[in-house]
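The block underneath contains the structure these notes are about, expressed in structure tokens.
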Amino acid sequence: MDITKIIIVIFSATGFWKLIELLVQFKGQNRLKDAEIHNLQTQGNSLIIENYKKWSENMEKRLEELENKNTEMTKTITEQRKKIDKLQKYVDQLEEEIKPYRSSTNE
């Protein structure tokens with residue numbers, strides 16, 4: 001019986017230490033997984049920030065382009081308004097010049 005008890009004690013001790021080893025490995029694997037998840041989240045956040053930064057820069061460029069185009073269009077409209085006013089004055093002048101001829105033809 002002594003040999004049987006010794007064998008049981010040896011197997012029990014070996015099993016106990018194996019159990020402790022498995023628990024330590026499990027805990028280490030959980031920490032590793034948590035660290036990997038945290039790393040992936042950090043990388044994802046970094047990509048989101050980088051994409052937002054690029055989007056903002058592109059929007060600023062587009063806004064600047066639109067402002068420049070708006071300025072050009074405002075200049076064009078102003079020039080066209082001046083031409084229209086000038087032509088309207090010319091038309092008014094011509095109407096005044098032909099007024100006497102109209103009144104004589106109506107008689």
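Between K69 and E72 there is no salt bridge, since no side-chain N of the basic residue sits under 4.0 Å from a carboxylate O of the acidic one. Ion pairing of K82 with E79 is absent here, as no side-chain N (NZ or NE/NH1/NH2) approaches a carboxylate O to less than 4.0 Å. Taking the charged nitrogens against the carboxylate oxygens, K89 and D85 have no contact shorter than 4.0 Å, which rules out a salt bridge.
The distance from atom CD of Q88 to atom CZ of R81, rounded to the nearest 0.5 Å, is 9.0 Å. Here the CG atom belonging to N51 is positioned 10.5 Å from the OG atom belonging to S56, to the nearest 0.5 angstrom. In this structure, NZ in K99 is found 13.5 Å from CG in L94, a value given to the nearest 0.5 Å. Atom CG of N58 and atom NZ of K53 lie 12.5 Å apart (nearest 0.5 Å). Going from atom CG of D34 over to atom CD of E36 covers 9.5 Å, rounded to the nearest 0.5 Å.
Taking a 6.0 Å sphere around CD of E57, one finds it holds more than 12 heavy atoms contributed by other residues, nucleotides or ligands.
Both Y52 and M59 belong to a single network of hydrophobic side chains, linked directly or stepwise wherever heavy atoms of I, L, V, M, F, W or Y lie under 4.5 Å apart.
Side-chain contact between L63 and E60 is absent, with no heavy atoms from C-beta onward closer than 4.5 Å.
Of the residues listed (N45, L47, L40), the one engaging Q43 in a side chain to side chain contact (heavy atoms under 4.5 Å, CB included) is L40, and it is the only one. Each of I77, T71, N70 was checked for a side chain to side chain contact (heavy atoms under 4.5 Å, CB included) with T74, and the lone residue meeting it is N70.
Under a 3.5 Å cut-off, the side chain of T42 and the backbone N or O of H38 do form a donor-acceptor pair.
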Chi angles and distances behind the side-chain contact (heavy atoms from CB on, under 4.5 Å) call for N68, E65: CA-CA 5 Å; N68 289 339; E65 290 172 3; 5.7 Å; no
